[in-house]
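Notes for the one structure printed next.
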Number of protein chains: 2
Amino acid sequence: MDESEFLAGYDPRAYPAVAVTVDVVALTIRGGALHVLLVQRGEQPYAGLWALPGGFIRPGEDLPEAAARELDEETGLTGRVHIEQLASYGAPERDPRMRIVSISYLAFAPDLPDPRAGSDAADAAWHRVDRLPKLAFDHERILGHGLERARDKLEYTPLATAFAGERFTISELRAVYETVWGVPLHAGNFHRKILSVPGFVESTGETTESGGARGGPRAKLYRAGDARLLHPALLRPSREEEIR
Amino acid sequence: MDESEFLAGYDPRAYPAVAVTVDVVALTIRGGALHVLLVQRGEQPYAGLWALPGGFIRPGEDLPEAAARELDEETGLTGRVHIEQLASYGAPERDPRMRIVSISYLAFAPDLPDPRAGSDAADAAWHRVDRLPKLAFDHERILGHGLERARDKLEYTPLATAFAGERFTISELRAVYETVWGVPLHAGNFHRKILSVPGFVESTGETTESGGARGGPRAKLYRAGDARLLHPALLRPSREEEIR
DNA sequence: GCCGTTATTCTCATACTGAGATTGTCTCAA
DNA sequence: TTGAGACAATCTCAGTATGAGAATAACGGC
């Protein structure tokens, strides 16, 4: 039986309703650590637990639109934020109330301010991804996929510049990679690599106002270039475990 | 307003129903060309046009399960087929009948038999992806994303072996790459590369029964190895256009 | 048996990478 | 004011990967 036949003898409205939500994995870097935006649930199920910000799509609203709205409701930020679809989850029992299919989105932004104290429920806050509370629903799994995707995209896209400000130094960019990947990188090689990938960064001709907090010369400032893919890619230090 | 507050004053059932479907982009290689499985619609809307196989998810059925079922209904194949989630589409007007959110799946398989003559609608058949008829809904876009994903995954995963049979020669594997990427590859370099990537293929110790149809020595036979990621990856000949 | 085809292996020049070292600027504290 | 340590920016050098072309040899078809 395929779609048309199925439709012919099948009225979806006759079945238990399926609701569609979007959930957003919003990542930012604060104080040298990767953080994710979470909201504390005020109601059952999972009252008191933290969850990814999200909600039902509205009539007439496209998916990316819904994701941007959810993010905006928590952070107040709309522009400047890179947002992309992550994956969808629809296990029958993932929400005890009813059948809910959730489309997850991944968002990246430079050091964001504290979220609005939720016009709603209990609370909203940035949490270090390496010190997470227990999450509601299957949000731990969704967040895991989001982190994986972010780490991968750092390799072959200029995504890292989305975590940095308008202008940044090579060292700041390196800190983004080190934070997201969780490994130290060779400063000299990183510098050489960044400048050799066409379109990754472009010089602003300026330098920082002063040296680093603990010394060192002023660094040159760069802005994001026009490349959409990095070629050749920046490869993560080998991950033998992940290969097999 | 976040999920919990929204839920509190909002009953999704009160809104126009949202239906969830899965659509499958099933790819195979037949006669040296990449093909996609399409079904011809028997009813409105888009009656007579071709579309990706798909249909509504059923109560109690998880997403991947639904995708596998849809594929099985058309091909009869269940095992052997690699299947993974592709993306989701939910533009309000993508289906004129009602709000439909579709989760698409990507499937790869070795040269598959002709599909069942659809227990349903009009027809089901493999179509060369470079000679497509007009497609229903936004299926052309979905297929485009599927092809893009397949081409990318060929670079860093052993996916190509999913298009080849149980045992295959290096040349057959090269043909898969050339077909999916649409470019000729240097036979010698390809050979060297495949054998140097750990875990990509492993020797069976056997060779083909005879040489190629137009001559040439017998080729050694290999089977898929245990690698899940290719390292270093096989890079596609440079695609300047796609970088910026 | 001769010719064209194809599998497999080599060569060689070029490009990219990891590790370590060098040079010179700048902050901080004695 | 000065010396120590931090850090940006370059460079060296060896090891590895890649593209292009060629060499060798096994087969099928005629």
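Every chain is numbered from 1 and lettered A, B, ... according to where its sequence line falls, protein lines coming before strand lines.
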Point to revise | Residue-level proximity of residues 178-190 of chain B to DNA chain D when a heavy atom falls under 4.0 Å | key: B:His186, B:Asn189
Minimum-distance nucleotide to [X] side chain [options: [options]]:
X	options	value
B:Arg214	D:dG28, C:dT5, D:dC13	C:dT5
A:Pro232	C:dC16, D:dG28, C:dT8	C:dC16
B:Lys220	D:dA9, C:dG24, C:dT9	C:dT9
B:Lys193	D:dT18, C:dG18, C:dA7	D:dT18
A:Arg192	D:dG28, C:dT8, C:dA19	C:dA19

Counting the atoms with a prime plus P, OP1 and OP2 as sugar-phosphate, which does [X] contact under 4.0 Å by heavy atoms, base, sugar-phosphate, or nothing?
X	result
B:Gly211	sugar-phosphate
B:Thr169	nothing
B:Ser196	nothing

Revision key, fill the gap. Rounded to 10°, the helix from C:dG1-D:dC30 to C:dA30-D:dT1 deviates from straight, judged by its five-pair end axes, by 10°
What integer distance in Å separates [X]:[atom1] from [N]:[atom2]?
X	N	atom1	atom2	result
B:Glu206	C:dA7	CD	P	17 Å
B:Ile194	D:dT18	CD1	P	11 Å
B:Tyr222	C:dA7	OH	C1'	10 Å
B:Arg174	C:dT5	CZ	C1'	12 Å
B:His191	D:dA25	NE2	C1'	14 Å

Does the distance from a Lys or Arg side-chain N to an Asp or Glu carboxylate O, for [X] and [Y], drop under 4.0 Å?
X	Y	answer
B:Arg167	B:Glu206	yes
A:Glu65	A:Arg69	no
A:Glu209	A:Arg218	no
A:Lys153	A:Glu84	yes

Check your understanding: Does B:Arg218 get its side chain close enough to the base of D:dG28, under 3.5 Å, for a donor-acceptor pair?
Key -> no
Check your understanding: Judged by modelled atom types alone, do A:Ser104 and A:Asp23 share a side-chain donor-acceptor pair under 3.5 Å?
Key -> no
Practice item. Check the angle between the aromatic planes of B:Tyr177 and B:Trp181 and answer parallel, tilted or perpendicular using the 30° and 60° thresholds. Key: perpendicular
Check your understanding: Are the side chain of B:His127 and the backbone of B:Leu132 linked by a donor-acceptor contact shorter than 3.5 Å?
Key -> no
Point to revise | Side-chain donor or acceptor of B:Glu70 paired with backbone N/O of B:Ala67 under 3.5 Å | key: no
Exercise for review: Apply the test salt bridge (Lys or Arg N to Asp or Glu O under 4.0 Å) to residues A:Arg236 and A:Glu155: give CA-CA distance (whole Å), side-chain angles for both, the deciding distance (0.1 Å), then the verdict.
Suggested key: CA-CA 7 Å; A:Arg236 239 190 292 194; A:Glu155 293 195 59; 3.4 Å; yes
Check your understanding: Are A:Tyr89 and A:His145 near enough that their ring centres are under 6.0 Å apart?
Key -> yes
**Study point:** Nearest-nucleotide 5' precedence on DNA chain D, A:Leu195 against A:Gly216
**Key:** A:Gly216
Review point. For B:Ala213 and B:Ala233, take the nucleotide of DNA chain D holding the closest heavy atom to each; which residue's nucleotide lies nearer the 5' end?
Key: B:Ala233
Check your understanding: So, is B:Ser171 close to the C:dT6 phosphate, meaning a side-chain N or O under 4.0 Å from OP1 or OP2?
Key -> no
Practice item. For A:Glu209 and for B:Gly212, find the nucleotide of DNA chain C with the closest heavy atom, then tell me which residue's nucleotide is more 5'. Key: B:Gly212
